[in-house]
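Right, one structure below, let's go through it.
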Amino acid sequence: MIHIRHVTRRYSAAVTALDDVSLEIAEGEFVAITGPSGCGKSTLMHLIGGLDTATSGEIVVDGLPLHGADDAELTAYRRTKIGIVFQFFHLLPTMTVTENVCLPLLLRGDAYPAARAKAGEIIELVGLGDRAQHGMHQLSGGQLQRTAIARALVHDPAVLLADEPTGNLDSANAGQIMELLQKISSQRRTTMLVVTHSEEIARQASRCIRLRDGKISHHP
Ligand SMILES: Nc1ncnc2c1ncn2[C@@H]1O[C@H](COP(=O)(O)OP(=O)(O)OP(=O)(O)O)[C@@H](O)[C@H]1O
Ligand SMILES: [Mg+2]
């Protein structure tokens with residue numbers, strides 16, 4: 001599903017965030033990405049998500065070579081193939097759960113009634129059926145994170161990228177979010193890449209990739 005070949009991302013002469021990284025991720029894999037702060041985890045997620053471009057090297061996701069894609073192709077790619085969950089949610093504060101989750105579908109041109117129906121299903125799946133009409137300020141941290149996950153999955157992306165999705169949750173809530181991601185990964189065969197600082201969470205993944213100073217070192 002994801003082919004990364006000799007990818008380097010240099011922000012400046014002094015900062016090489018990723019240094020000749022090569023990596024293959026198969027469809028349906030649940031991969032944890034770990035490593036110390038500043039090792040390049042978020043940079044890798046941004047490159048795979050088509051939010052940033054590599055300085056050199058090749059990234060191909062679901063058959064699309066990102067290194068050769070123009071802005072319009074990358075926008076279409078993000079809207080159809082990719083779901084993204086970042087640590088600080090990026091949910092729209094004045095909207096309800098349902099409205100936030102509908103957004104990716106409305107952006108790709110779905111009519112509101114169809115979007116609402118699809119959003120309703122995924123909101124049930126993440127366990128927020130009774131909070132669908134709540135505003136963001138009426139939700140707990142774990143519920144906000146579930147909303148962000150529902151929004152990232154509503155368009156049924158091939159790949160879900162989650163950058164520390166449990167970073168600001170207590171361990172009980174973090175465990176529930178990981179269970180939810182695993183349930184979705186097995187039900188939908190969504191390929192999942194989850195950045196985490198938690199060794200415990202990393203152990204639950206089917207594979208763990210460790211980055212250090214912009215390079216990969218696999219766990220034993
Ligand atoms: N836009 C940018 N401009 C310049 N340097 C950057 C930029 N973004 C990241 N960097 C640098 O690239 C390196 C990798 O950053 P990255 O955000 O990928 O690390 P990370 O592994 O996600 O860290 P953390 O665990 O703290 O989130 C760091 O040294 C960082 O300072
Ligand atoms: Mg980061």
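Ligands are counted one by one from 1 in listed order, and the atoms in each one are counted from 1 as well.
- At least one heavy atom of H197 sits under 4.0 Å from some atom of ligand 1.
- Ranking protein heavy atoms by distance to atom 15 (O) of ligand 1, first place goes to T43 OG1, 3.8 Å.
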Can you check side chain to side chain donor-acceptor pair (under 3.5 Å) on S42 and D163, steps first, answer last? CA-CA 7 Å; S42 295; D163 197 343; 2.6 Å; yes
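- Around the Mg ion (ligand 2), the protein atoms of type N, O or S that sit closer than 2.8 Å are S42 OG.
- Against a heavy-atom cut-off of under 4.0 Å, V15 is close to the following atoms of ligand 1: 11 (C), 12 (O).
- Remark: distances from the non-hydrogen atoms of C39 to ligand 1 include one below 4.0 Å.
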Using distance only, find each side-chain donor-acceptor pair of residues 120-139 under 3.5 Å and give its atom names and separation, not counting sequence neighbours.
from, atom 1, to, atom 2, distance (Å)
Q133, NE2, T98, OG1, 3.2
Q138, OE1, G135, N, 2.6

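- Expressed to the nearest 0.5 Å, how far OG1 of T43 lies from CG of D52 amounts to 7.0 Å.
- The CG atom of D110 sits 14.5 Å away from atom CZ of R116, with the distance rounded to the nearest 0.5 Å.
- Applying the salt bridge (charged side-chain N to carboxylate O under 4.0 Å, His left out) criterion to D156, with sequence neighbours excluded, gives R188.
- Atom 25 (O) of ligand 1 has K41 NZ, 2.7 Å as its closest protein atom, hydrogens excluded (heavy atom only).
- For atom 31 (O) of ligand 1, the protein comes within 4.0 Å by no heavy atom at all.
- Residue contact check: A17 has heavy atoms under 4.0 Å from atoms 12 (O), 13 (C), 14 (C) of ligand 1.
- When hydrogens are left out, the protein atom nearest atom 17 (O) of ligand 1 is S42 CB, 3.7 Å; that is the closest non-hydrogen contact.
- Taking atom 26 (O) of ligand 1 as the reference point, the nearest protein heavy-atom neighbour is S37 OG, 2.5 Å.
- Given atom 9 (C) of ligand 1, the protein heavy atom at minimum distance is Y11 CE1, 3.4 Å.
- Pairs passing the salt bridge (Lys or Arg N to Asp or Glu O under 4.0 Å) check and including a residue from residues 33-49, sequence neighbours excluded, do not occur.
- Protein heavy atom closest to atom 29 (O) of ligand 1, with residue, atom name and distance, is G38 O, 3.8 Å.
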